[in-house]
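Single-structure report; data block below.
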Amino acid sequence: MANDELTVAVLGPGGIGGLLAGLLARAGHRVLCLAGEDTAETLRQDGIRVRSGLFGDFTARVEADTVLREPVDACLVAVKHTALDAALDRVPPTALDDALLVPFLNGVEHPATLRARYRPGLVAPAVIRAESTRIAPGMIEHGSPFAEIDLTGEGVDRKRLDTLALALDAAGPTTRVLDDEASALWAKMSFLAPFALLTTRYAVPLGDVRTQHRDELTALVAETAAVSRACGGPADPAQALARYDAFPPQTKSSMQRDAEAGRPLELDAIGGALLRAAQRHRVSVPVAARLVGELRDAGH
C-alpha cells in the first residue's frame with residue numbers, strides 16, 4: 001500500500017459501502033465499486049451522492065464493475081450477511097491476490113468463513129458505528145451524527161492496517177486499529193444484538209424501545225454482556241445502556257429497516273450467532289432466545 005493514494009474496491013456500495021466509497025473517493029483515493037450491472041452503470045454515470053449532516057452533501061466520482069479484475073490495495077466488504085456467499089463471487093481469490101479483505105459485516109462468525117476462502121493473513125475485520133442507508137442506487141443518506149471505525153485482524157500486517165486506518169480517518173470516519181479481534185467484534189455484537197432484536201421485534205425506533213420496553217432492553221443487554229465476557233469481549237451493561245440513551249430517539253436498526261422493506265433479515269448472523277455462542281459457553285440467555293424465536297416464528 002502506498003502512503004498517499006490507495007486503490008480500494010468496495011463490494012456492496014449500499015448504506016455503509018456507499019458512504020465509505022464516497023468519502024474515500026472525495027479524499028482522492030481511487031475507488032472501484034463492485035455491484036450488479038444496473039447499479040454499476042448508475043455509479044459509472046452519476047457517481048455516489050451522499051447526504052450527511054456530519055460530512056456534508058456531495059457527489060463523488062467512482063469506477064464500477066461487476067467483478068474484481070485488477071489489483072487493489074484493499075477490498076471493503078459491505079454487503080448484508082444474507083447476500084455474502086453470492087457477493088463473494090465478485091471477488092475471486094486470484095483477483096484479490098495480496099490485497100486486504102476488510103469485512104464490515106454484522107455478527108462474529110464471518111471472519112472464519114472468509115479465512116477459509118481467502119488467505120487468512122489478509123482478512124482484516126472492521127466494525128463501523130454509523131446509521132447510513134441507500135435510498136436508491138448511488139444515493140446514500142448518512143443519518144447519525146457520528147461515524148466510527150474499529151479495524152483489526154489477527155495475523156494481518158500491522159503497517160498495512162495502519163495505512164488503511166489513516167486513509168479512512170482522513171476521509172472522515174474516526175478510525176482506530178485494535179489488537180484484539182474478538183474484543184472488537186464482540187463490542188459491536190453486544191451493542192447491536194439488543195438494538196436489532198428489539199427494534200425489529202416490536203417495529204419501533206430505539207426511542208420507543210428505551211421507554212416502552214426498558215425492562216427487556218436491560219435484561220437483554222445483561223445477557224449479551226455475559227456472552228461477550230465469555231467470548232473475550234467487553235462486558236459493561238451500564239455503558240451499553242448509556243450509549244442507547246445517547247442515540248437520537250428515531251434511530252432504527254438496519255435489521256428493522258430490512259423488515260420494513262421486506263428484505264431478508266440478518267437474524268441468524270446476529271441473533272443466531274449470539275445463541276450459538278451462549279450455548280458453547282453455557283450462558284443463559286432466555287430473553288434473547290425468546291426474541292429470536294418470535295422473529296423466526298413471524299417468518300424471518
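These numbers come from a predicted model, not from an experiment.
- With respect to the salt-bridge test (charged N to carboxylate O, under 4.0 angstrom), the residues Lys80 and Asp258 qualify.
- Heavy atoms only, all atoms of each residue included: Leu151 and Leu161 are closest at CD2-O, 3.5 Å.
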**OP:** Using the salt bridge (Lys or Arg N to Asp or Glu O under 4.0 Å) rule, take Arg176 and Glu148 through it: C-alpha gap first, then chi angles, then the decisive distance, then the call.
**Re:** CA-CA 8 Å; Arg176 59 181 181 172; Glu148 302 167 347; over 6 Å; no
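- The only member of Asn106, Leu192, Thr199, Thr200 that meets side-chain contact (heavy atoms from CB on, under 4.5 Å) when paired with Met255 is Thr200.
- A heavy-atom distance below 4.5 Å is not found between the side chains of Ser52 and Glu141.
- Salt bridge status for Arg44 with Glu41: present, with a side-chain N to carboxylate O gap under 4.0 Å.
- Taking both residues in full, the closest heavy atoms of His81 and His110 are given as NE2-CB, 4.0 Å, listed atom of the first, atom of the second, then distance.
- Between Asp89 and Arg117 there is a salt bridge, since at least one side-chain N of the basic residue sits less than 4.0 Å from a carboxylate O of the acidic one.
- Between the side chain of Thr224 and the main chain of Val221, a donor-acceptor pair closer than 3.5 Å is present.
- Looking only at side-chain heavy atoms (C-beta outward), Phe195 and Leu217 stay at 4.5 Å or farther from each other.
- With respect to Lys252 and Glu131, no salt bridge is recorded, no charged nitrogen being found less than 4.0 Å from a carboxylate O.
- To the nearest 0.5 Å, atoms CD1 (Ile128) and CZ (Phe146) are separated by 10.0 Å.
- We find the OG-NE2 distance between Ser228 and His281 to be 10.0 Å, quoted to the nearest 0.5 Å.
- Put simply, OG on Ser254 and CZ on Arg263 are 9.0 Å apart, with the number rounded to the nearest 0.5 Å.
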**OP:** Determine, step by step, whether Leu164 and Val177 satisfy the side chain to side chain contact (heavy atoms under 4.5 Å, CB included) criterion, reporting the C-alpha distance in whole Å, the side-chain angles of both residues, the deciding distance to 0.1 Å, and the verdict.
**Re:** CA-CA 9 Å; Leu164 179 58; Val177 177; over 6 Å; no
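- Here the side chain of Glu223 pairs a donor or acceptor atom with the backbone of Val287 at under 3.5 angstrom.
- Salt-bridge formation is detected for the pair Arg290/Glu216: a Lys NZ or Arg NE/NH1/NH2 atom is positioned less than 4.0 Å from an Asp or Glu carboxylate oxygen.
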**OP:** May I have the step-by-step check of side chain to side chain contact (heavy atoms under 4.5 Å, CB included) for Arg276 and Glu109, ending in yes or no?
**Re:** CA-CA 10 Å; Arg276 287 188 288 273; Glu109 297 175 337; 2.9 Å; yes
Original post:
Is there a side chain to side chain contact (heavy atoms under 4.5 Å, CB included) between Phe191 and Arg129 once you walk through the steps?
Top reply: CA-CA 10 Å; Phe191 176 82; Arg129 290 176 288 278; over 6 Å; no
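- Side-chain contact between Ile135 and Arg51 is present, with heavy atoms from C-beta onward closer than 4.5 Å.
- Leu122 is not listed as a side-chain neighbour of Val156, based on a closest heavy-atom distance of 4.5 Å or more.
- Under the 4.5 Å side-chain criterion, counting only non-hydrogen atoms from C-beta, Leu20 is in contact with Pro173.
- Leu114 belongs to a hydrophobic cluster whose remaining members, ordered by chain and number, are Leu11, Leu32, Leu34, Leu68, Val72, Val77, Val79, Leu84, Leu88, Val91, Leu96, Leu101, Leu105, Tyr118, Val123; membership requires side-chain heavy atoms of ILVMFWY residues under 4.5 Å apart, directly or through intermediates.
- Nearest heavy-atom pair across Ala60 and Ala25 is CB-CB, 3.8 Å.
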Original post:
Does the pair Ile140 and Ile48 meet the rule for a side chain to side chain contact (heavy atoms under 4.5 Å, CB included), with working shown?
Top reply: CA-CA 7 Å; Ile140 308 300; Ile48 290 183; 4.1 Å; yes
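- Residues Ala167 and Leu6 approach most closely at CB-CD1, 3.6 Å, considering heavy atoms.
- Phe104 places none of its side-chain heavy atoms less than 4.5 Å from the side chain of Val127.
- Salt bridge present: Arg115 and Glu181 bring a charged side-chain N and a carboxylate O closer than 4.0 Å.
- Residues satisfying the salt bridge (charged side-chain N to carboxylate O under 4.0 Å, His left out) criterion with Arg158, sequence neighbours excluded, are Asp162, Asp179.
- Counted by atom type alone, Gln212 and Tyr202 present zero donor-acceptor pairs between their side chains at under 3.5 Å.
- When the shell of 6.0 Å around CD of Gln279 is examined, it contains 12 or fewer heavy atoms from other residues, nucleotides or ligands.
- Taking a cutoff of 4.0 Å between a charged side-chain nitrogen and a carboxylate oxygen, Asp245 and Arg214 qualify as a salt bridge.
- Between Val227 and Ala277, the shortest heavy-atom contact is CG1-CB, 3.8 Å.
- The closest donor-acceptor contact from the side chain of Ser190 to the backbone of Trp186 lies under 3.5 Å.
- Side-chain contact between Thr218 and Leu220 is absent, with no heavy-atom pair separated by less than 4.5 Å.
- Between atom CZ of residue Phe55 and atom CG of residue Leu19 there is a gap of 6.0 Å, rounded to the nearest 0.5 Å.
- For the atom pair CG (Leu275) and CZ (Arg280), the distance works out to 11.0 Å, reported to the nearest 0.5 Å.
- For the pair Glu5 and Arg30, the tightest heavy-atom approach, listed with the atom from each and the gap, is OE2-CB, 3.7 Å.
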Under 3.5 Å, which donor-acceptor pairs link side chains of residues 229-240 to any protein atom two or more places apart or in another chain?
{"residue": "Asp236", "atom": "OD1", "partner": "Ala238", "partner atom": "N", "Å": "3.3"}
{"residue": "Asp236", "atom": "OD1", "partner": "Gln239", "partner atom": "N", "Å": "3.1"}

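- Side-chain contact check for Val292 versus Leu197: some heavy-atom pair is nearer than 4.5 Å.
- Not one N or O on the side chain of Thr39 forms a donor-acceptor pair closer than 3.5 Å with the backbone of Ala35.
- To the nearest 0.5 Å, the span separating CZ on Arg90 from CG on Asp65 amounts to 9.5 Å.
- The neighbour count for Asp38 CG, taken as heavy atoms of other residues, nucleotides or ligands under 6.0 Å away, does not exceed 12.
- Side chains of Ser132 and His142: a donor-acceptor N/O pair is absent below 3.5 angstrom, by distance only.
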